[in-house]
Each structure stands twice: as structure tokens, then as C-alpha cells.
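What follows is one structure encoded as C-alpha cells, with my remarks underneath.
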Amino acid sequence: MEDSFFQNVYEVVRLIPKGRVCSYGVIAAYLGSKGSARMVGWAMNAAHTQPDIPAHRVVNRVGLLTGRHHFDPPQRMQMLLEEEGIQVIDHQIQNFDIVFWNPNEEISV
DNA sequence: TAACTGACCGCCG
DNA sequence: ACGGCGGCCAGTT
């Protein structure tokens, strides 16, 4: 595995189950760099170079699709989420606490 | 080489 | 309860 922070982010994001979402801060904390949530978002920016990175499943802590503007068509992010069964209204994920996926707990099986 | 930015989060006023 | 600001890591200019 790569020691790069980016590569690490890609792996976690790729592990996000369908119909689930995660926040930047949680991913950053999972990587051990709590507080470097911005870095996670930056990694997502480079995620465009990665073919299998469901960046649409990554949102901020309030469940708001802040990174939608970085998708090819901005609506693509909301569309993909709705396709997976996630209800999104006005770029805001509904039942965010339910669809939220915490790597720190679900992976610790 | 040094400084700023960036798909954020948490704290302080 | 709401608003503003600093901090985090790495890449880009």
C-alpha cells in the first residue's frame, strides 16, 4: 500500500458501502490526522485521477454536498446519492445520521 | 524560496 | 443561539 495520505483516503472512500455516506473529518480522524479534514477534501480533488473513488459519498459533517461543485456536472453528486437510495433535498442529505457510515466502528469488526 | 489556497472542523466571542 | 477565526497537511504558483 502507498504511504501517501492521498492513497490512504482513496482506500477509505472506496470502502464506503453503497447507500452510505461519510464526512471528511471522520475520514481524516480514521487516518490518524484528526483536524486535517481539509486535506481529505484536497485528496478528493485529486481523486479525479482515480477511477473507482465514490467521492459523491463524501460530504461535510452536516451532510451538505459541499463538494458538488467539483463534479463534472454539479448535479451528478446528488443524482448518484439518490440512485443509491439516499434522499437528498437542496444538496442536503436527509436522515444523515442514518445513512452515515463510520469507518472507525464498522471496520473494527 | 516563501506564501496562499483548499470539496473542513472546532472553538471562542 | 449565531458569527467569526484559527488550525490542520500537502499541493500549487
Under 3.5 Å donor-acceptor pair, A:R61 side-chain atoms to B:dG10 base atoms: no
Rounding to an integer number of Å, can you tell me how far [X] [atom1] sits from [N] [atom2]?
{"X": "A:F5", "N": "C:dA10", "atom1": "CZ", "atom2": "C1'", "value": "9 Å"}
{"X": "A:F6", "N": "C:dC8", "atom1": "CZ", "atom2": "C1'", "value": "13 Å"}
{"X": "A:Y24", "N": "B:dG6", "atom1": "OH", "atom2": "C1'", "value": "11 Å"}
{"X": "A:L64", "N": "B:dC8", "atom1": "CG", "atom2": "P", "value": "9 Å"}
{"X": "A:N60", "N": "B:dG6", "atom1": "CG", "atom2": "P", "value": "17 Å"}
{"X": "A:R38", "N": "C:dT12", "atom1": "CZ", "atom2": "P", "value": "16 Å"}
{"X": "A:K34", "N": "B:dC9", "atom1": "NZ", "atom2": "P", "value": "12 Å"}
{"X": "A:I27", "N": "B:dG6", "atom1": "CD1", "atom2": "P", "value": "21 Å"}

Strictly by Watson-Crick or wobble contacts shorter than 3.5 Å, is anything paired with C:dC8, and which nucleotide is it?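 With both distances under 3.5 Å required, C:dC8 matches none.
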Please compare A:W42 and A:V62 by the position of their nearest nucleotide in DNA chain B and report the one closer to 5'.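 Counting from the 5' end, the first nearest nucleotide belongs to A:W42.
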Using the C1' atom in both, what is the distance from C:dG3 to B:dA7, to the nearest Å? 22 Å
Ion pair A:E84/A:R20, N-O distance below 4.0 Å: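 Between A:R20 and A:E84 there is no salt bridge, as every charged N stays at least 4.0 Å from the carboxylate O atoms.
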Strictly below 4.0 Å: does A:S36 bring a side-chain N or O up to OP1 or OP2 of C:dA10? no
Would you indicate whether A:R14, at its atom CZ, is surrounded by more than 12 heavy atoms from other residues, nucleotides or ligands within a distance under 6.0 Å? yes
If you apply the rule side-chain contact (heavy atoms from CB on, under 4.5 Å), what do you find for A:M39 with A:L31, and how did you get there? CA-CA 11 Å; A:M39 193 66 277; A:L31 297 177; over 6 Å; no
Ignoring hydrogens and geometry, is there a side-chain-to-backbone donor-acceptor pair from A:Y10 to A:A43 under 3.5 Å? yes
For A:H56 and A:Q78, which I'm curious about, is there any donor-acceptor pair between the side chains at under 3.5 Å?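 No, A:Q78 and A:H56 have no side-chain donor paired with an acceptor closer than 3.5 Å.
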Base, sugar-phosphate or nothing for A:T66? Non-hydrogen atoms, less than 4.0 Å.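 Here A:T66 touches the backbone only, sparing every base.
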Mind checking if A:A55 touches a base, just sugar-phosphate, or nothing, with heavy atoms under 4.0 Å?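 Base contact.
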